[in-house]
Amino acid sequence: MDFSREALLAELELKDDIIEQLRKELDEYRVANSVRKTAISSEPDVQVKRQIIGKSDEAFETIGNALMCNSFLRNLDSIQIDKIASAMYPVHVTAGAIIIRQGELGSIMYVIQVNTVQEFQ
């Protein structure tokens, strides 16, 4: 084994290169697997008139809490949450009714406020 100054400096430089490469790979991994993902939002070219449905403060709080528990929606700001909550309306469902089927495309979001639902797969 060569312990000359030149050999040790060359070995040190090689290790520094390896460390730098590993740091780059780690940074790329962190960016690709970051907890907070970014999304693309599209705004319509025309002004959309949103219907506002009146509801109690308790209903607004329930909806806001449900949105904050959703991993896709939790990063919304308070104005966005208020807009969504304002547009939501109550739906009364009879016992045994199917609300949504797993795997089907949907265009409605439900927040369960009263009672419970059962999940079947």
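Only a predicted model underlies this, so the values are computations on that prediction, with no experimental measurement involved.
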Does [X] reach the main-chain N or O of [Y] with its side chain, forming a donor-acceptor pair under 3.5 Å?
X: Thr94; Y: Ala97; value: no
X: Lys55; Y: Met88; value: yes
X: Gln80; Y: Asp77; value: yes

State, to 0.1 Å, how close Ala66 and Val111 come at their nearest heavy-atom pair, and which atoms those are.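 Minimum heavy-atom separation between Ala66 and Val111: CB-CG1, 3.7 Å.
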
Could you pull out the closest heavy-atom pair between Leu8 and Phe3, with the gap in Å?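 So the minimum-distance heavy-atom pair works out to CD1-O, 3.6 Å.
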
Distance in Å, [X] [atom1] paired with [Y] [atom2], rounded so as to fall on 0.5 Å steps:
X: Asn70; Y: Asn65; atom1: CG; atom2: CG; result: 13.0 Å
X: Leu73; Y: Ile81; atom1: CG; atom2: CD1; result: 8.5 Å
X: Leu12; Y: Asp16; atom1: CG; atom2: CG; result: 5.0 Å
X: Ile63; Y: Glu58; atom1: CD1; atom2: CD; result: 10.5 Å
X: Leu67; Y: Thr62; atom1: CG; atom2: OG1; result: 11.0 Å

Residues joined to Ile98 in its hydrophobic cluster, side chain to side chain under 4.5 Å directly or through other members, sorted by chain and number, are none

Hey, any chance [X] and [Y] share a hydrophobic cluster, counting ILVMFWY side chains that come within less than 4.5 Å of each other, even indirectly?
X: Ile84; Y: Phe72; result: yes
X: Val93; Y: Tyr110; result: yes
X: Ile112; Y: Tyr89; result: yes

Heavy-atom count check: over 12 atoms from other residues, nucleotides or ligands less than 6.0 Å from Asp57 CG? no

Does atom CD of Glu25 have more than 12 heavy-atom neighbours, drawn from other residues, nucleotides or ligands, at distances under 6.0 Å?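 Counting other residues, nucleotides and ligands, CD of Glu25 exceeds 12 neighbours.
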
Are Val91 and Ile99 side-chain neighbours, meaning at least one heavy-atom pair lies under 4.5 Å?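 Val91 does not reach Ile99 side chain to side chain.
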
Sidechain N-carboxylate O distance under 4.0 Å for Lys15, Glu11: yes

By salt bridge (charged side-chain N to carboxylate O under 4.0 Å, His left out), which residues pair with Arg23, not counting sequence neighbours?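 Checked Arg23 against salt bridge (charged side-chain N to carboxylate O under 4.0 Å, His left out); zero matches.
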
Identify, with sequence neighbours excluded, every residue that meets salt bridge (charged side-chain N to carboxylate O under 4.0 Å, His left out) alongside Glu61.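 Counting only residues at least two positions away or on another chain, Glu61 forms no salt bridge (charged side-chain N to carboxylate O under 4.0 Å, His left out).
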
Worked verdict on Glu6 versus Leu9 for side-chain contact (heavy atoms from CB on, under 4.5 Å): CA-CA 5 Å; Glu6 292 79 21; Leu9 288 173; 5.8 Å; no

